[in-house]
Amino acid sequence: MADYDAVVIGAGLGGITSASLLAKNGMKTLILEQSDLVGGCCSTFESQGYKFDVGASIVEIVHPMDKFFALMGRKREDYIELLPCDPIYSFVTQDGRRFSYPTDIEATTRVIESIAPEDVEGWKRFSKLGLEMVDEMMDAMMTSPMNTLGEVAAMAAKNPKVARYLPLLVRNHQSVVRSYYKNPIILGSVAFQSYFAGAPPELGSGIFGFIALSEHLGIYYPRGGMISIPQGMLKAGREHGLEVRTGCKVERLILDGRRARGVILEDGSEITADVVISNVNAKVTYLKMVGPENLPGWAVRAIDSYRLSMPCPMIYVGLDKKPDLDAHHTVVSGSIEEMNRVWNLYYTKGVIPRTAMSLICWPTEADPSLAPEGRHILNFLCNAPAPYAPLGDNWDRLKDWYREEAVRELERTVMPDVRDHIDYLEVSTPLDFERRLLSPQGAIYGLFSDLTSLALFRPHARSRVIRGLYLTGSSTHLGGGVPTTIASGIITSNYVLKDRG
Amino acid sequence: MDGKLVKRLFKVGALAGLVALYFSLDESTRRYLVHIGKQVPYLPYRYFI
Ligand SMILES: Cc1cc2nc3c(=O)[nH]c(=O)nc-3n(C[C@H](O)[C@H](O)[C@H](O)COP(=O)(O)OP(=O)(O)OC[C@H]3O[C@@H](n4cnc5c(N)ncnc54)[C@H](O)[C@@H]3O)c2cc1C
């Protein structure tokens, strides 16, 4: 008899969601996490009295999280306190202009009117369609399995209105937003979200154009930092007997032909299980943990063909004064052309861009307890995206230079006196990120997301090559993001439970 | 004109139309189409993984 009914590799959101749901359904389940912290990209670490978020800085679309707690027979409010962040963003344009988008749609109309009256009508059409899409499709889009044509057909039969939104999937992000807006400032403010899916506006799927609308349903920060989300979810899982071991790295899968039978840990010990769920990058799962020698040639070709998602350096700043910011998130935005240019002429050529887009997150605005009394935190994504392998150099050597660049960018854009108020500063380069989370090449959203690597064409939640192996997290259907990876965990657990009968 | 020739002319015309359409697009849209086009051969493999 196996040691466990299910072993889950990785305590990211997808892993925690699927493991907790299996435990709730009576399966003896163990999560193995290589780091000392849970949550992966959605986590928080402590240094010198400051609590910095590793990656994710807000959650929007709380539907999958609420669904998870409902399936666990619990209420989210009893486990995670979500603090609303309003305005959604404050924007700083390259020429220094500042404006904010509030959550309220009517109030946003007035902001758009003050900048570009010609785009008010477009915003009204955009928000009407977006709200209808949310109403009609949210549950179907977020938690339906879409691994086979049959499943997609079943979802479409149940939700015939999906046909209305298909063109958005096929068009690119920029063509969708351009069909609503003309003003370059407004366009910049709704196009940069394509980077939230890991692609520039010219390559990202048009459906991501509506992230700029879903944000108006509310964006939230969990009290205690982003780690409160995985911790709250794990608490619910543990109440149903879920076990978790941190500091425990999985090296390989135990295979019996093309059947997964458990895992081999870094120290050589083995844990057997009827089901193995991998929450680590699908490329690592198949090419390292299973091994190409155990896969048919076509499967190696399939998994090899995926590009990794982009990496992105993070700068964690502790300040001895309150920053002069207007919102939890400040976006230093550029034009659509600039965003594409940075991707084509810098990122893909291995050059670190000097100007592009920065996201400055101010979590102590929502939760002052994250920093020592009177101090503040800025989590700064500087000039995203940046290449994993800078041409002719290496991130370890570039770290000091990059730290200076980041400070200069903060001085230039939002805080001219920042240098005098820095109490703590740490740079996490793509190499650091890879070391921290074993995410290959520091990929922040698993695999690159475009039309050809979504849904049916993303690695499946139930492996079709290795029996007993299931995948979850950002490299499976729905891609990177807090709500999407929780949704992927729900989908994966449904497959496991269905297969066990 | 025989049927074969008509068919061939039709194919050449369609191809020329597609090429003209491609070159009438802006550079960014062309990059999108080329990018997607390069991925298409992998789709049958990806569908089964
Ligand atoms: C910089 C950044 C900013 C982001 N901002 C946002 C945001 O604001 N809002 C939002 O919704 N989303 C955001 N995201 C995306 C979101 O955080 C992620 O998509 C999501 O948290 C990923 O969840 P996952 O289930 O894929 O697991 P991951 O977070 O990828 O976790 C995988 C886990 O597996 C562990 N692991 C790896 N290898 C092994 C091994 N061999 N053995 C054992 N354990 C292993 C890792 O340590 C890790 O804990 C951001 C991501 C990043 C990186």
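By convention in this document, chain letters (A, B, ...) are assigned in the order of the sequence lines, proteins followed by strands, and residues within each chain are numbered from 1.
- Judged by the 6.0 Å distance and 45° axis criteria, B:R46 is positioned over the aromatic ring of A:Y306.
- Of the two parts of A:S453, the backbone and the side chain both hold a non-hydrogen atom closer than 4.5 Å to a non-hydrogen atom of chain B.
- Proximity to chain B (any heavy atom under 4.5 Å) is restricted, for A:N340, to the side chain, taken from C-beta onward.
- Side-chain atoms of B:S28 and A:Q174 form a donor-acceptor pair, as typed in the model, at a separation below 3.5 Å.
- To the nearest 0.5 Å, the span separating CD1 on B:I36 from CG on A:L203 amounts to 7.5 Å.
- At a 4.5 Å heavy-atom cutoff, the contact between A:V170 and chain B is made by backbone atoms alone.
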Kindly indicate, with the supporting measurements, whether the criterion side-chain contact (heavy atoms from CB on, under 4.5 Å) is fulfilled by A:R464 and B:I49. CA-CA 6 Å; A:R464 295 214 213 166; B:I49 187 81; over 6 Å; no
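- The candidate with the highest count of non-hydrogen atom pairs below 4.5 Å against chain B, out of A:R462, A:R458, A:H460, is A:H460.
- In A:R259, the CZ atom is crowded: over 12 heavy atoms of neighbouring residues, nucleotides or ligands sit closer than 6.0 Å.
- Neither the backbone nor the side chain of A:D304 comes within contact range of chain B; no heavy atom of the residue lies under 4.5 Å from a heavy atom of that chain.
- Heavy atoms closer than 4.5 Å to chain B are found in both the backbone and the side chain of A:L149.
- Looking at A:S463, neither its backbone nor its side chain comes within 4.5 Å of chain B, counting heavy atoms on both sides.
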CA sep, side-chain torsions, deciding dist, call: B:Y47, A:T148, side-chain contact (heavy atoms from CB on, under 4.5 Å): CA-CA 8 Å; B:Y47 178 74; A:T148 63; 3.7 Å; yes
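- Within a 6.0 Å radius of OH in A:Y346, no more than 12 heavy atoms belonging to other residues, nucleotides or ligands are found.
- Atom CG of A:D450 is separated from atom NE2 of B:H35 by 3.5 Å, given to the nearest 0.5 angstrom.
- Aromatic pair A:H173/B:Y32: centroids not less than 6.0 angstrom apart.
- The structure places OG1 of B:T29 at 6.0 Å from CG of A:N172, a figure rounded to the nearest 0.5 Å.
- Taken from CZ in A:F457 to CZ in B:F48, the straight-line distance is 10.0 Å, to the nearest 0.5 Å.
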